[in-house]
Q: 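Can you read through this structure? Questions will come right after.
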Amino acid sequence: MHKSESGSSLGPGGLDLTQTFFKPVLNAAPPSPTKRHIKISVIGTGNVGMAIAQTILTQDLTDELVLVDAKADKLRGEMLDLQHAAAFLPRTKIHASTDYSVTVGSDLCIVTAGARQIASESRLNLLQRNVSLFKAIIPPLVRYSPDSVLLIVSNPVDVLTYVAWKLSGFPSNRVIGSGTNLDSSRFRFLIADHLDVNAQDVQAYVVGEHGDSSVALWSSISIGGVPVLSFLEKQQIAYEKETLENIHKEVIDSAYEVIRLKGYTSWAIGYSVAHLVRSILRDQRKIHPVSVLAKGFYGIDGGQVFLSLPAQLGRGGVLGVTNVHLTEEEAQKLRDSAKTILDVQAELGI
């Protein structure tokens with residue numbers, strides 16, 4: 001496939017005019033060898049992949065962006081469309097190819113590719129097709145970028161993050177699923193909306209499966225540093241558990257609502273993943289609820305399972321899991337969520 005990329009070549013045969021157009025200053029030294037060049041590869045240029053790519057570009061998170069997809073024409077069209085915005089964006093080299101060799105030396109590989117569900121197809125069959133797809137995606141990414149961090153966005157994200165980990169042979173800290181990072185953002189938005197405060201002042205996590213068995217950690221919610229439930233109890237302000245459960249249900253249903261209305265979700269996951277990218281590649285050491293190898297945490301010991309826990313992210317990927325206090329009810333729900341995922345993995349035979 002013909003590749004086009006941002007660069008300084010002009011004229012017939014790609015003549016490099018840089019040396020003619022610019023003259024170096026006297027006594028100049030070569031660039032510092034410590035200068036960091038960041039390269040990100042996005043696998044899959046559907047609605048989610050392109051929302052992620054666009055957000056990464058506008059937030060100036062990489063020096064080089066690579067797009068990989070099986071559909072050559074769409075891929076080239078998406079690349080050109082982004083390149084044509086160069087005058088409005090931070091300088092970034094953009095490449096695209098159906099060949100995974102273009103991803104060589106990536107710091108971060110983001111996988112959004114996934115098989116679409118066919119009418120009347122079972123979830124298990126869809127999962128098996130996605131596993132087959134990952135068998136074609138993960139090994140070449142590992143071959144060309146053996147020191148990268150893998151960030152899995154494809155759904156069902158928890159099972160496919162586990163699949164990516166097994167296929168890659170990477171240490172568990174360098175394989176991360178986007179998990180409930182977006183669910184938690186929706187959760188914070190709904191709580192903020194109920195209390196008429198800024199969502200950035202709300203500390204709240206949804207953990208467990210990115211799906212129907214997710215767990216809302218009500219006991220640890222705080223606003224401006226004030227623990228919400230204990231504050232209400234001390235002030236003898238009554239609240240109904242059903243109200244809390246309805247907010248969590250709204251979090252679960254919100255993605256389905258967006259899909260029903262516009263056909264897919266894209267912008268929120270784009271911002272969510274860009275937030276993760278910033279924390280990882282800029283070594284921000286921020287806490288995010290993302291899908292990690294959860295065995296050994298909160299009594300989860302039934303098998304190797306990836307699900308979302310509040311984790312500190314940095315240049316090495318997952319730096320650690322936060323020791324958040326869970327009530328016994330929350331811990332049991334988390335273990336039940338782990339079992340839900342493990343049952344699916346058992347059906348796949350992986």
Side-chain angles (χ1 to χ4, degrees), residues 48 51-52 54-61 90 151 153 176-208 210 214-259 261-262 265-291 308-314 319-327 330:
V48 170
I52 291 169
Q54 187 266 350
T55 312
I56 285 171
L57 285 173
T58 56
Q59 294 189 9
D60 196 13
L61 296 177
L151 179 54
V153 183
I176 305 167
S178 56
T180 58
N181 194 55
L182 177 52
D183 308 61
S184 297
S185 174
R186 290 168 174 146
F187 192 36
R188 292 168 66 188
F189 160 73
L190 290 169
I191 293 167
D193 197 44
H194 272 73
L195 299 177
D196 197 22
V197 297
N198 191 312
Q200 292 186 356
D201 291 326
V202 178
Q203 280 282 3
Y205 294 120
V206 172
V207 297
H210 173 58
S214 65
V215 183
L217 300 186
W218 287 103
S219 65
S220 60
I221 292 174
S222 66
I223 297 173
V226 179
V228 173
L229 295 193
S230 60
F231 172 78
L232 294 177
E233 288 167 0
K234 285 177 183 177
Q235 298 296 317
Q236 296 184 336
I237 299 172
Y239 64 89
E240 294 183 1
K241 193 172 181 180
E242 185 181 357
T243 302
L244 308 185
E245 290 171 350
N246 285 339
I247 293 174
H248 179 216
K249 185 176 185 302
E250 196 171 344
V251 171
I252 295 171
D253 292 344
S254 58
Y256 299 124
E257 176 73 355
V258 174
I259 292 168
L261 292 169
K262 63 176 272 190
T265 63
S266 57
W267 300 121
I269 189 63
Y271 282 107
S272 174
V273 171
H275 205 220
L276 300 178
V277 170
R278 182 184 299 275
S279 291
I280 295 167
L281 295 184
R282 294 193 176 168
D283 201 29
Q284 294 286 295
R285 295 172 178 260
K286 292 183 71 174
I287 311 299
H288 296 270
V290 288
S291 195
S308 286
L309 296 173
Q312 186 185 47
L313 301 183
L319 305 180
V321 172
T322 310
N323 190 19
V324 175
H325 171 73
L326 271 61
T327 65
E330 289 168 342

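From a predicted model like this one, the values you see are computed outputs, not experimental measurements. As a basis for the values below, the full set of heavy atoms in this structure was taken, side chains included, without hydrogen atoms, waters or symmetry mates.
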Q: Just by distance, do the side chain of Glu330 and the backbone of Ser219 share a donor-acceptor pair under 3.5 Å?
A: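 Such a contact is found between Glu330 side chain and Ser219 backbone.
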Q: What are the two closest non-hydrogen atoms of Pro289 and Ser308, and how far apart are they?
A: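 Shortest heavy-atom contact: O-OG, 3.9 Å.
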Q: Please name the pair of heavy atoms, one in Asp60 and one in Arg282, separated by the smallest distance, quoted to 0.1 Å.
A: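 Nearest pair, atom of Asp60 first, then Arg282: O-NH2, 2.6 Å.
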Q: Can you confirm whether more than 12 heavy atoms, excluding those of Lys262, are under 6.0 Å from its NZ atom?
A: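 Result for NZ/Lys262: enclosed.
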Q: Can you tell me how far CZ of Phe187 sits from CD1 of Ile252, rounded to the nearest 0.5 angstrom?
A: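 Those atoms lie 10.5 Å apart.
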Q: Is there a donor-acceptor contact under 3.5 Å linking the side chains of His288 and Ser279?
A: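 Yes, a side-chain donor-acceptor pair sits under 3.5 Å.
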Q: Do any N or O atoms from the side chain of Thr322 and from the backbone of Pro310 form a donor-acceptor pair under 3.5 angstrom?
A: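 Yes, the answer is positive, given that a donor and an acceptor are paired below the 3.5 Å cut-off.
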Q: What are the two closest non-hydrogen atoms of Ala311 and Val290, and how far apart are they?
A: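 Heavy atoms only, the tightest pair is CB-CG2, 4.1 Å.
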Q: Would you check if the side chain of Ser214 reaches a backbone N or O of Val206 as a donor-acceptor pair within less than 3.5 Å?
A: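 Absent.
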Q: Would you compute the distance between atom CG of Leu326 and atom CG of Leu217 and round it to the nearest 0.5 angstrom?
A: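 The distance works out to 5.0 Å.
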Q: Of the non-hydrogen atoms in Ala274 and Gln59, which two are nearest, and what is the gap between them?
A: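 Closest approach of Ala274 to Gln59, heavy atoms only: CB-OE1, 3.9 Å.
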Q: Find out whether His275 and Lys286 are in side-chain contact, i.e. whether some heavy atom of one side chain is under 4.5 Å from a heavy atom of the other.
A: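 They are in contact (side-chain heavy atoms under 4.5 Å apart), so the answer is yes.
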Q: Rounded at 0.5 Å granularity, tell me how far CZ in Arg186 sits from CG in Asn181.
A: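 Interatomic distance, Arg186 CZ to Asn181 CG, rounded to 0.5 Å: 11.0 Å.
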Q: Taking all non-hydrogen atoms of both residues, which atom of Gly314 and which atom of Asp283 are closest, and how far apart?
A: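 Looks like CA-OD1, 3.4 Å.
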Q: About how many Å separate CD1 of Ile287 and OG of Ser184, when rounded to the nearest 0.5 Å?
A: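 That separation rounds to 12.5 Å.
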Q: Measure the spacing between CD1 of Ile247 and CD of Glu245 and express it to the nearest 0.5 Å.
A: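 Rounded to the nearest 0.5 Å, the CD1-CD separation comes out at 10.5 Å.
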Q: Side-chain contact test, heavy atoms from C-beta onward, threshold under 4.5 Å: evaluate it for Ile176 versus Leu276 and give yes or no.
A: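 Counting from C-beta outward, Ile176 and Leu276 never come under 4.5 Å.
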Q: Supply the atom-to-atom distance Ile191 CD1 to Asp201 CG, rounded to the nearest 0.5 angstrom.
A: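 Output value for this atom pair is 12.5 Å.
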Q: For Leu190, is there any backbone N or O sitting under 3.5 Å from a side-chain donor or acceptor partner on His194?
A: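 Yes; at least one donor-acceptor contact below 3.5 Å.
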Q: What closest approach, in Å, do Ile221 and Ala204 show between heavy atoms, and which atom pair accounts for it?
A: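 Residues Ile221 and Ala204, closest heavy atoms: CG1-CB, 3.8 Å.
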Q: Quick one: does Val202's side chain get under 4.5 Å of Val197's, heavy atoms only?
A: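 A side-chain contact exists here, since the closest heavy-atom pair is under 4.5 Å.
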Q: Side chain to side chain contact (heavy atoms under 4.5 Å, CB included) with Arg285: which of Leu313, Leu319, Ile280?
A: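 Per the side chain to side chain contact (heavy atoms under 4.5 Å, CB included) rule, the option paired with Arg285 is Leu319, out of Leu313, Leu319, Ile280.
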